[in-house]
Every structure is written in structure tokens, then in C-alpha cells.
Amino acid sequence: MILVIGSEKGGCGKSTLAINLSVMSVREGIDTLLVDADIQGSCNEFSQRRDELDITPRLQVMMKHGRNLHRELADLQHRYQRIIVDTGGRDSPELRSSLLVAQTALLPVQPTQLDLWATEKAFQVTSTAQDLNPDLHTLVVITRAHTNLLVTTARDAMQFLSEFPHVHLCHTILYERLAWQKSILEGRSVVELRDAKAYTEMKLLYEEIFNGGVPQGETGPNS
Amino acid sequence: MVAFHRAKQVPTPDEFIDAASVPAGRLQRELPLPWEDKDPQKPKSFNLRIDEQTLAKLHWLADYTPGCRSVQSWVKQALDEAIEQGIQALLNRR
């Protein structure tokens, strides 16, 4: 299975999601490869940090760039049970190429107007990719949502995103928490850090993406 | 009612990939950096030059609008432009 994490905007948590989902997959005993197709190489740096700190299980990361990424992924998918691709915050050939062979495109979106506008453009890309790759389905997850219950931007963004018929909106919302940054610094996923709230959110999202589980009710900042 | 179907043009995979807004494996804004050149004879620094009008605006902004975000972003943009022009002038000189 190939999961591509992409977006037109930077800073929405693509690499963080790629790292966390990959570590969780490996911890479940799934033979997982994390492909770092972003030239910033954040996933690769995380993996090196994890190795330096001797944290197990090891995360297997491969850096791949270029417009022929789909050919490489098509080959690699016979060797790994799960491939997670981090494509960086641009409409790049790496993003488009990997969408041609992926089963799932995950688009993290911050609940801000600028991000929502950029997401509309990303939807056009995934929609065209679906014409070429009918196996592809698009998931959207709200990230870095405000933890203040009075701030309703995440809810508003969900309402806006629910109007696009060809994408599936994840029920799980990822809130802005220090645990995300702390975990990266320590070479761990939030699941390994055991921050209760971030742990729960990430677990629910993982279930939604890979096992089709839908959380009961809406996840909140204090759930 | 007669169903109306809009014909949708589907690109080829190559056309789809080539329609990306940035080239493969590159950042959107990529300048060769003079200070990375290993030749000691080649100039690697420059004086930051800001025209008088922009400088006056920067002074005014520093005095009257401390901490205002939109202003900070304008200042950053002005400095970025000046730095970029300095780098470009340095590159042209070589």
C-alpha cells in the first residue's frame, strides 16, 4: 500500500505525520518504508537522529526525487507492505508522480483561509490524478487546530472541506500541541512519547487511515 | 430530463507530472549562493544597499509601529529584496 502525504502549503505537518505514521506502522510489525521526496529531507534527518539515539524499532527512510518517482514506487511496493511518501509543501513532480501509483493521498490542512485556498488547488491535482489512477482516494485531515474550545476555525474548515465530493474528510482533528515538537526533538513518535492527548489523536487517525475505523463522535482538544 | 455530461480532458501521465508548478527536486526559489564558491579570489560579501525612500520608511515604521505584524512582514520583504539585489549584483560582477 502506498500512502502519499502532500500539500501545496508548508508547515501543515506533512513530515510530522509521515514520521508518526511510519513509526506506528513499524511498531505494529508492518514492513514499512518512508520515502522522503522533499528536498528539505526532514524525514531523513529524523531517522538519523533516531539512529544516533539508538531508538528502536529503526525507521527505514529512503530519499528519492525526480519525475520518475512513480516507477520507483511501483517497484518498491512489491518489497514493502507499506510505503509512506512525504512530498513536501509544493505542487511538485514528486507529488504528482507518486499520486499515479498511490492508493491513498493524505492532505493535511491547517484551519486558516490561506491553507483552505491552497487546498482547493491541491484537490484539482488529486482529482486529475484520480482520472489517471482510479485506485487513488483522497483523505483530508485538519492539523494544528487551536486547542481553545472557543476558537471554531477547525469546525468551520471541516464544514468547508465537507463540500468537496471526491475527498474524504477525516473525523480526527490534530491539535497544536508541544508534544509534536518534543517528540521530533527526541527522535520519537508521539505514541512513543506517551503524551496522552497527542497519542489518542494519532492513534485515532492511524485507525482511520489504515483500518477504516471511524472515531465515535467528534474528537476535541481535550478528548 | 436529458443528462448533460461535460467532456473532461484527461492528460497523459507525463503531461500530468510536467504540469507541476515547480521543477523536480528543487525549491521554488533557488539562487546560487556566492559564499559557497571555494575560489578565494571571488567576492563573497556585499554591502547591503537600501534606497533612501525605503530607509526612511523603515525608520518611520521602527519609531511608530513597533510589534505590528503586517508591518514586520513588509520590513522583512524590503530587507529580503535588498539582500537579493545585493546577491544578484555580486553574481553579475563575477
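Quick note on labels: first sequence line is chain A, next is B, and so on, each numbered from 1.
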**Q.** Least distance between heavy atoms, B:Ala20 atom then A:Pro93 atom
**A.** CB-N, 3.4 Å

**Q.** A:Glu176: partners by salt bridge (charged side-chain N to carboxylate O under 4.0 Å, His left out), with sequence neighbours left out
**A.** A:Arg144

Q.
Report which part of A:Ala37 has an atom under 4.5 Å of a heavy atom belonging to chain B: side chain, backbone, both, or neither.
A. neither

Q | Other residues, nucleotides, ligands: >12 heavy atoms within 6.0 Å of A:Leu114 CG | A | yes

**Q.** Heavy-atom side-chain contact between A:Val125 and B:Phe16 under 4.5 Å
**A.** yes

Q) When rounded to the nearest 0.5 angstrom, what is the spacing between CG in A:Leu100 and CD1 in B:Ile17? A) 5.0 Å

Q.
Are the side chains of A:Thr128 and B:Val10 in contact, using a 4.5 Å heavy-atom criterion?
A. no

Q) Are B:Asp18 and A:Arg96 ion-paired here, with the side-chain N under 4.0 Å from a carboxylate O? A) no

